[in-house]
Amino acid sequence: MAKVLMKGNEALGEAAVRAGCRFFFGYPITPQSELPHYLAQRLPEVGGLFLQAESEVAAINMVYGAAGAGARVMTSSSSVGISLKMEGISYIAGAELPCVIVNVVRGGPGLGGIQPAQSDYFQAVKGGGHGDYHLLVLAPASVQEMVDLMAKAFDLADKYRNPVMVLADGILGQMMEPVEFPAEILQELPAKPWATDGARGRGPNLINSLYLEPEKLEEHNHRLFEKYRQMQEQETMAENYHTDDAEVVVAAYGSTARIAKAAVDMARKEGIKAGLFRPVTLYPFPTEEINQACAKAKQVLAVEMSMGQMIEDVKLSLNCRLPVSFYGRVGGMVPSTRAVYNEISALAQKGGEQA
Amino acid sequence: MAKVLMKGNEALGEAAVRAGCRFFFGYPITPQSELPHYLAQRLPEVGGLFLQAESEVAAINMVYGAAGAGARVMTSSSSVGISLKMEGISYIAGAELPCVIVNVVRGGPGLGGIQPAQSDYFQAVKGGGHGDYHLLVLAPASVQEMVDLMAKAFDLADKYRNPVMVLADGILGQMMEPVEFPAEILQELPAKPWATDGARGRGPNLINSLYLEPEKLEEHNHRLFEKYRQMQEQETMAENYHTDDAEVVVAAYGSTARIAKAAVDMARKEGIKAGLFRPVTLYPFPTEEINQACAKAKQVLAVEMSMGQMIEDVKLSLNCRLPVSFYGRVGGMVPSTRAVYNEISALAQKGGEQA
Amino acid sequence: MITIYERPQSLTANTMHYCPGCTHGIIHRLVAEVIDELDLREDTVGVCPVGCSVLAYNYFNLDMQQAAHGRAPAVATGIKRVHPAKVVFAYQGDGDLASIGAAEIVHAAARGEKISVIFVNNAIYGMTGGQMAPTTLIGQETTTSPNGRDAAVQGYPIRVAEMLATLEGSAYISRVSVHNNVNVIKAKAAIKKAFQTQLEGKGFSLVEILSTCPTNWGLTPLEAAKWLENNMIPYYPLGEFKAAKEVGS
Amino acid sequence: MITIYERPQSLTANTMHYCPGCTHGIIHRLVAEVIDELDLREDTVGVCPVGCSVLAYNYFNLDMQQAAHGRAPAVATGIKRVHPAKVVFAYQGDGDLASIGAAEIVHAAARGEKISVIFVNNAIYGMTGGQMAPTTLIGQETTTSPNGRDAAVQGYPIRVAEMLATLEGSAYISRVSVHNNVNVIKAKAAIKKAFQTQLEGKGFSLVEILSTCPTNWGLTPLEAAKWLENNMIPYYPLGEFKAAKEVGS
Amino acid sequence: MEKVIFAEDRCKGCEMCTAACPKGIIVMAKHLNSMGFHPATVTEQEKCISCGNCYRMCPDQVITVRKEEKK
Amino acid sequence: MEKVIFAEDRCKGCEMCTAACPKGIIVMAKHLNSMGFHPATVTEQEKCISCGNCYRMCPDQVITVRKEEKK
Amino acid sequence: MLEEVVLAGFGGQGVMSMGQLLAYAGMLEDKHVAWIPSYGPEMRGGTANCSVTISTEPISSPIITEPGTAIVLNKPSLDKFAPLVKPGGILLINSSLIDPGYFRPGIKIFEIPANDLALEMGNTRVANMVLLGAFIELTSAVSIDSVIESLKKVLPEYRHNLIPLNRAALEKGQQIAQNQ
Amino acid sequence: MLEEVVLAGFGGQGVMSMGQLLAYAGMLEDKHVAWIPSYGPEMRGGTANCSVTISTEPISSPIITEPGTAIVLNKPSLDKFAPLVKPGGILLINSSLIDPGYFRPGIKIFEIPANDLALEMGNTRVANMVLLGAFIELTSAVSIDSVIESLKKVLPEYRHNLIPLNRAALEKGQQIAQNQ
Ligand SMILES: Cc1ncc(C[n+]2csc(CCOP(=O)(O)OP(=O)(O)O)c2C)c(N)n1
Ligand SMILES: Cc1ncc(C[n+]2csc(CCOP(=O)(O)OP(=O)(O)O)c2C)c(N)n1
Ligand code: SF4
Ligand code: SF4
Ligand code: SF4
Ligand code: SF4
Ligand code: SF4
Ligand code: SF4
Ligand SMILES: [Mg+2]
Ligand SMILES: [Mg+2]
């Protein structure tokens, strides 16, 4: 297929359609509204359903119902709205239902602002809802990657029977880049013999997260964590950019990684051995990959549009064996390439000293 | 005052009343219902208001309104219900409103079970809601401490204009121990000139978390984090038990710390140099204190009723300089003293080896 | 001898966990009987709520989903939109439906969602220990209205059927009771009509069923039935509040 | 010469951010005029919603709280219970009140919460770019009903005033419009009655105000006023749906 | 053969059936069942008119009702 | 003195006032105000009957209306 | 002194209040005490249990995983808790409802026909008190007087007429245990 | 080749579509492109801006903090973006709406009376095209043909009658820039 110029939000929509997603339940919120607008038009064209729910709470529970009924289904929102979905997401994880949740992050806390941010990292990867559970979290850094990861998201959701979050931000959602879509619209979806579609010729199926006996609930938790272990083994993804010989490694994801990449370019021009490590899966965090990327590193710099969240996973993954510093902007402010370059350059001068 | 034998949930209620709290908005859920039951009876006696909200979402927003109006106010729930409050909690943190939120944790994820758990640690300390914010999180380990920390919670909330969470679990909520209450019922509360009580003879007050200009929102975030820095400096609390010469330090909070204490006793009887480090503030985490407690340690063991959450803060606080192992039970299962002892004893044999 | 009344196919053989005399059990059976009679056992998906009936999935011999507290209508919507040809019902208590789930039920009705809701109104939160429900009567003592519900502080009980009947999307709305034989028969007819309304694609259907909670009312089952008759029915009048024409004819 | 009409005291001098001709501005002024006339400027706390009127705190010269989307009635409840002697009002859009906040408004009304709600029904989500609201008319095109609202898929618009009037706790409920002079005068009278209902402790009061969104309707302000008259009023009849006796007399 | 049959171990002794029986023939047994309840029972089977009232009011699906086959 | 006064820089040129004026004296100015709108104005002040209709329909508190003091 | 006891039986058998009384009595004697109930959703006819710790030292863990004593009032409770009793510990069996003959080496087992004895005294509701009396005799965890004192504080005034019966039941249990 | 350009003006001046056209044209030439808008809640009369990156290499960062070129259509945009232009960069000013005389050392400044020129051509709405033409002349980021090609793809068929006017405007801008 030829390339088309498309907004990230809309590209997510088209990618979902091509991945066989036919059901969207959501509630409007800036800066992700182009995604529902797109699907409101597009889904009926392919025999699918777009339904604006009465709230984010209703939306995530409609997703629960539809996922439990066997559909490829998604929802999307931004920060405030995602917080309202925490109970529902915990239920979906507990009931092991596959679905895709898009969070186009904006500044917080509270009503905050509508400009891009990455301050929902903890919520996405540690579990903003109650209980021990994890989403699989994918963080694209370009519109093309939004398309590619969206397809992947649905596959992973089905493979693990686990909710997958695509974590973007206002920049990615709003920006246009050329993209190529898979030519085919996926028609054949994996069989879901566990789904509730009327117990025709078989025993009843049950979608559930309640285990009143603690022994059973513990067992259930262990089963979930066995899945997470498998994901850690099989699904981590990351991009390395000039990390081979890098003495200063910048760790950044999403839009911020794009800025960091430009800063690395700038640093390389100045003869600084800088590199970029970009986790693509935020959960499971690419632990092995970051250790490889930092093989030659003396300093690590986490750059985020937050007050410092992913930095904890960076430190833990490296077992704190390298000094990890932080540079962040928040509330909708975006780091400039130069500011990141300045941080790199300062660290390069430090060598292996504790930051 | 003479000691009385009281359930943890009820003791929390009485302690709140004595701390001058006159407003409770909440929604029933096991295993914290004795707290609302108690206050439904008790608050009207002291001229206060108990109101059962239509939902947890409504409850937390009533708390927002009442806190913004200048009242000492609280809510309480358990796991599932706390997840529904995530948006509201993020708003309260963003609008810098003082209030107390009790979470009597039960097993998750989803509907999970109703037995005790500690699997909402991440949600409590990292911010289950969106955006960069933090609750002050207090974790009592006895009914008496529930009483003491409840009073403290209201004071800290007012001092920092920040929501404070009291993180308990089903055991603490349900168990009876003798407690002593402060004799006086607090009558004089701190003045709140910022509260919205009708702009009589002054300019209008505003309770708000919206900052459409990213520069302003960034500034606001920095202001919040300056508060958190101060809390870290001034408010951390922890208990040390036989840590002075301990080679194996168990880190545990809440009920689990009680079990760990008994296991330490058992180990000491066997001649093992074991100790217990019990964080009382989970956020801010007592970083300095744990480093002191581990001064002689060769091994650290995190024990939780979760799949391993606090362990991350333990590692980060220690900058990964000691091997940290984990023992946990989940889903309402409670670790036995003997099982924890066995872990300690195994670690004691390892010495300084990586776990 | 021929068997004329026995446990319907759409119920499993499991012994229910409900308290002695709790009419949740009767309502379960009525729903199952209707499903049997309409031959829908293999074409029905049920949604159970959070409340005493949370374990209904152990009793209905059907595909079931357990929904978060109050969200059964949203979950049922998700299922129905994926399988429009199947019959989807939600079973909800009064705390579940009228309190935390008020938005979801109003919107399912407004959307004309083609689902059937079995709404069990026992004027209390059974599961969690007898707290006040939105349907608790004025003066009624509960664990969170220990001195009786006071309208000045806690407001007035909600008449759900009447409220939902104002919405265009609702096609069949009625209130019945199961405190005695005659009413059980009528209740079953109403449930059947609700399912037929769905089968005929007419829109949203809901049957509000007055039910007892002997345990939390502090009464014997027989006293509870009397209490329902004497106290609930006067405030919650029985009858059809809305019916699409020609349903089930 | 004496000044007979000018900006009320209870509005600040700030220029509002609303689009040209958006009637949110008229409604703000009416609320402020009523507060002035009842001499309540220093005894009122307002709650603004999430929606185009999210910045209302910049315009009302009063103590204000900004509430989470849909939760203004809960926030107002919190304030009113702490300061029962003050006057508390919530200002909400139709997405805010009738969609995400449906449970909160139903329960504030059922509780007979002594607050006044100014409900601005413009049949659309203004703030977020013209999505369908629960009040969007059948056939109306919005960004999430690009081919016009289809009752079979998206259900029917909710008549909020009628629905809330079924609840015992609601004391004053009316629907007005501000699309022309005569109706603006009536709208103000209704708002005054709502505040008086609160002052007299009668219970919950709500005024639903039909309002324009020229921007998202894709019309000029004057066309929008006409559209409102021709399309909204037939579905949303104006009038009082409930009024406590002797209010404001 | 019996017209009305009680699955005794399911019975919770709630007495709803006793009140419902127009013939007043349902009584609570002296003994306890496996759940610790006094189960309902009918000894005068012949008086039963197979009306099904007991079945209808039993919340626990204890009761099966049969009638004579019409010839 | 003028009966109807426009705070010109607040005006968004929506024309709601023009439609409301029973005397039809409100017109849109040719020039732009600081916000880039053509503001509403009245030149024939003497025709104004101080009815306040324009004030009432103005969403932006642009208009102040005065009337002759009664003697 | 450290007593860790688990009390278990059917919902209506009064095990929760028996445990609370014991804890209360310990508190009156200025000992450290804790009482932890099992809890669950509203389900009738289930089993209920609680655990009580009484100690002269501050209590490390109030959560009892190896009880020094288990008092079991029905068969399911015997099955669940008898195996947990710590070596050298005590198992008190309500032999009115549990078939005799349970045996586990290394623990002391006492069979007390509590319901029968209570019935003899005219009220089966004090069966739990008979067992409590036996427990007190065997462990001296608290005194009978403290239990009675606690009863006075816990019971509403108009129920104080029941106190003599309760004392009698406690003493009956004490006697029986003495003689075993 | 790497062009990083910011386009800014009032809401109705067509800066967003101008940026999109530019990006589209770049894509048609098989270059790497990215377009990022400012976005905000519904508030009329505010300023709008977008940034466009066009490059022969893969784009590291599409977020432009130091634009190579800024095209400003009104005064607030001049104030905001002129200082950000990177040393050696280009500042294109719509001098129909902005008083002349802005100066910053080390950057190239061009004043184009875009509205006036557009008016001359009969339609002020193509003022943005005049500026775009000038930009193309100064940077050769894309060709005019590609822009026209893009227009054909973006405009609905019944609007294609506007294409000649747009081409004329682009060429007018080109000329003006040539002569500055
Ligand atoms: C989000 C959430 N809040 C609260 C609860 C606790 N809870 C469980 S059941 C219930 C009330 C059920 O009452 P009702 O719906 O009337 O059903 P009943 O038990 O009376 O049949 C509550 C509040 C929960 N599980 N989840
Ligand atoms: C929890 C949450 N969900 C969604 C949003 C996004 N949002 C902001 S305003 C709005 C709709 C407002 O529409 P309405 O209430 O009708 O007010 P109007 O703008 O039309 O006056 C939405 C969905 C939000 N801020 N918070
Ligand atoms: S608590 Fe009430 S509603 Fe629940 S099972 Fe028991 S009697 Fe029924
Ligand atoms: S978007 Fe609509 S409701 Fe919002 S200010 Fe503009 S016209 Fe008014
Ligand atoms: S069938 Fe009728 S007559 Fe026979 S036992 Fe049952 S209720 Fe009585
Ligand atoms: S109604 Fe059923 S459960 Fe109740 S006593 Fe009769 S047979 Fe037993
Ligand atoms: S006051 Fe009346 S007559 Fe005068 S300008 Fe305004 S609308 Fe016209
Ligand atoms: S109504 Fe007000 S804002 Fe609109 S044109 Fe008239 S004066 Fe200007
Ligand atoms: Mg109920
Ligand atoms: Mg609206």
Q) So, does F:R10 use its side chain to make a donor-acceptor pair with the main chain of D:A13 at under 3.5 Å? A) yes

Q. Can you check whether F:P59 reaches D:Y18 side chain to side chain, under 4.5 Å on heavy atoms?
A. no

Q | Short side-chain to backbone donor-acceptor contact, F:R56 and D:Y5, under 3.5 Å | A | no

(Q) I need the F:I63 CD1 to D:R7 CZ distance, nearest 0.5 Å. (A) 14.0 Å

Q) Quick one: are F:M16 and D:T23 in side-chain contact, heavy atoms under 4.5 Å? A) yes

Q | Which atoms of D:H24 approach chain F - backbone, side chain, both or neither, heavy atom under 4.5 Å | A | neither

Q: Against chain D, label F:N53 side chain, backbone, both or neither, depending on which of its atoms sit under 4.5 Å from a heavy atom there.
A: both

Q: Under 4.5 Å heavy-atom distance to chain D, tell me which part of F:C51 shows up: side chain, backbone, both or neither.
A: backbone

(Q) Let me confirm one number: the CE-NZ distance from D:M16 to F:K12, rounded to the nearest 0.5 Å. (A) 8.0 Å

Q | Atom pair OG1/CG of D:T15 and F:D9 - distance to nearest 0.5 Å | A | 8.0 Å

Q: For a side chain to side chain contact (heavy atoms under 4.5 Å, CB included) with F:C14, tell me which candidate from D:C22, D:C19, D:P221 qualifies.
A: D:P221

Q. Of the non-hydrogen atoms in D:M1 and F:E69, which two are nearest, and what is the gap between them?
A. N-OE1, 3.6 Å

Q: Flag the one option from D:L30, D:I185, D:T220 with the top tally of heavy-atom pairs under 4.5 Å to chain F.
A: D:I185

Q. Are F:M57 and D:I26 close enough, and set up right, to give a side-chain contact (heavy atoms from CB on, under 4.5 Å), and what steps lead you there?
A. CA-CA 7 Å; F:M57 289 311 293; D:I26 297 179; 4.0 Å; yes

Q. Which bit of D:L11 comes within less than 4.5 Å of chain F, counting heavy atoms only: side chain, backbone, both or neither?
A. side chain

Q. Heavy atoms, side chains only, cut-off 4.5 Å: are D:I2 and F:K67 in contact?
A. yes

**Q.** Over 12 non-hydrogen atoms of neighbours within 6.0 angstrom of CD in D:Q9
**A.** no

Q: Tell me, for F:E15 versus chain D, whether the close heavy atoms (under 4.5 Å) come from the side chain, the backbone, both or neither.
A: both

Q: Check the surroundings of atom CG in D:D39: do more than 12 heavy atoms from other residues, nucleotides or ligands lie under 6.0 Å from it?
A: no

Q) Where is the tightest heavy-atom contact between F:A20 and D:N181, given as atom of each residue plus distance? A) CB-ND2, 3.7 Å

Q: Measure D:N183 against the heavy atoms of chain F and call it side chain, backbone, both or neither at under 4.5 Å.
A: neither

Q | Smallest separation among heavy atoms of F:Y55 and D:R29, with atom names | A | O-NH1, 3.0 Å

